[in-house]
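In what follows, every heavy atom counts, from backbone to side chain, and hydrogens, waters and symmetry copies are set aside. The shown structure was predicted, so the numbers you read here are calculated from the model rather than taken from an experiment. Just so you know, ligand 1 is whichever comes first in the structure, and atom 1 is the first atom listed for that ligand.
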Amino acid sequence: MCGIIAAASNRNVGKLLVQGLHKMEYRGYDSAGIALHQKDQIAHLRTLGKVKLLEEKMIAEKPKSKLGIAHTRWATHGKPNQVNAHPHKDQSGNIVLVHNGIIENYDPIKKFLRSKKVKFKSETDTEVLVQLIGYFFNKGKLNFEQSVRAALQRVDGAYGIVVLNKKEPDVMIAARRGSPLVLGIKDKEFFIGSDISPIIKHTQQIIYLEDAQMAIIDGDDYKITSINEDVSLPKKVEKIDFKIDDYDKGKFKYFMHKEIHEQIDTIRNTITGRTKKDSIMLHGLLDYWPEIKQADKIFITACGTSWHAGLIGKNLIERFAEVPVHVEYASEFRYNKTLVDNNSIVIAISQSGETADTLAAIKKANDYGAITVGICNVPGSSVSRETNCGIFTRCGHEVGVASTKAFTAQISILYLLALKLADSNDTMSKKAIKEHLDYDEGIKKIKNILNKENEIKKIALKYKNANDFLYLGRGLNFPVALEGALKLKEISYIHAEGYPAAEMKHGPIALVDKDMPNVFIVPKDKTYEKIISNIEEIKSRKGKIIIVTDSKDKILKDLANDLIYVPKTNHYMFCVLATIALQLFAYYIAVGKKLNVDRPRNLAKSVTVE
Ligand code: F6R
């Protein structure tokens, strides 16, 4: 989604703001802009398209400033163009603002402001907010802080904003509701970011602003206060331990490729320290474990790839611990009739920890009295703060828009959780649990898949011109099929659907012809014979067959146009290995089509609007 970086310093901030925008390019955007305070005026530059174009403008105009705000926009209200790009100004030019999120009641506010002779330049909901702040400020009765507060008390929706005022060259106000904002502090320098990626280079001392909080930077000093009232709130400064390396591509051309390769380490980091012989320690759940282990039903909610992880979690928890699990898209959970109550456990899965629908689902579950459990990759994120308890995936920052390492870490956590529940519920023997926890050999086998990269690339390139794909798997591998299809469509723009393999007969088979590739995920397990029948059905309709399997059986060689072998492991590791093979497959199709894998069209890394 949109990205914000702001800075107040004794040095010139223009360059560091542009560098910060570059760091957020991974999030996806269509235009960029910057506003720099210059004592009695505010320099205001905006461009459609890449940050590089804004940078060129900056180099040409050389604006100097010690206080500034910058933004990359991902259009919601109004087309991507220069007029709709942020920062936006009020009509007097006194107030300048950058905004992430959506102002839902922009229409009545706009009508009100028009009745007061305010003229609008853009089609954005954001301009309504800056004009409203300006309206209060220019009346002269409220100071800057009071004007921002008064305006925010009248808007509905989600926002993370940073605002400047032409009359106060040392003051910058940030506020959030729904959309994340972090404040970085270093001696007498201040940085504000929509996430830590643009500011980590400058400081690791961070305050995660909470919902309805404002931060007021005034010269060398700052305070945290509330949108609702003028109170002074505690400054909760945390030291974050993300590595700057997470934001570098190293030897890889794309972050997605780097992150696919990191999975041996990220899975190991996620599991390490949480298992000992036959026991599993999930310290983050300790306080609520008595209730969690007694749950007679578990709900899982998430979006996109994290939702696919949730489906794998359901399969594992039902299989190991015999507890029924209901998995629901967060966007549906938040509005559907819910059967959640104060005996329920609701697990929310989110890489970013900032997905708007997932946060709304958590809020609803909290309101119904459920125990909420977060599985999340970002310490300090909203999901980690809004849930009662939780477990972090330990992947480091995931930059690639297409989620890869977060997915395999999420399933690793769900695997541990399922085994721990099985242990508490006595649904599995200690011996069986111990066998499952002997994961090290399995993790090493990831290397084997990564070593097959060139083979997978060759196969992928054969299919790069296909228009449609089916991905088919059963049981644990049905979500793997969904995830494989999602990866392909996100980065290569090829239509792809995932189905339970047998379900394909109930409609999708009508799509199959000689040009259509069908990716089958085929572990040698109890559904093996059944899935072979499904392959035969496609074969007899002349569909192309790509098989991902751990079986060397001749029948598969006879049926397949192409085979991707993964080494033999257990069920859980098979789905991790198959997933990684499919990540590489999608990656090389997109690269073969010369697409920018890290910046897929229309997509943003973290979906912070509904
Ligand atoms: C797909 C992808 C998205 C996210 C989804 C949820 O590659 O990245 O589908 O999985 O937007 O995001 P998080 O996990 O951050 O809540």
**Request:** Test H436 against Y572 for ring-ring contact (aromatic ring centres under 6.0 Å, His included), laying out the working first.
**Result:** CA-CA 9 Å; H436 278 282; Y572 149 76; 8.4 Å; no

**Fill in**
Which of I391, I292, V373, I413 passes side-chain contact (heavy atoms from CB on, under 4.5 Å) with I347? Answer is V373

**Fill in**
So the atoms of ligand 1 within less than 4.0 Å of a heavy atom of S350 turn out to be 13 (P), 14 (O), 15 (O), 16 (O)

**Asked** Between E453 and K457, is there a salt bridge with N-O shorter than 4.0 Å?
**Response** no

**Prompt:** For T404, is the nearest heavy atom under 4.0 Å from an atom of ligand 1?
**Reply:** no

**Non-hydrogen atom of K487 closer than 4.0 Å to ligand 1** = yes

**Where ligand 1 meets S352 - atom numbers and elements under 4.0 angstrom, heavy-atom basis** = 13 (P), 15 (O), 16 (O)

**Item:** With T372 via side chain to side chain donor-acceptor pair (under 3.5 Å) - residues at least two apart
**Value:** N366, N388

**Request:** Number the atoms of ligand 1 from 1 as they appear, then name those within less than 4.0 Å of a heavy atom of S306, with their elements.
**Result:** 10 (O), 13 (P), 14 (O)

**Asked** Under 4.0 Å from any heavy atom of A402, which atoms of ligand 1 are there?
**Response** 7 (O)

**Geometric N/O contact E490 with ligand 1, under 3.5 angstrom** = yes

**Request:** On the 0 to 90° scale, with breaks at 30° and 60°, tag the F333-F299 ring pair as parallel, tilted or perpendicular.
**Result:** perpendicular

**Fill in**
Contacts of N336 meeting side chain to side chain donor-acceptor pair (under 3.5 Å) (sequence neighbours excluded), chain-then-number -> E328

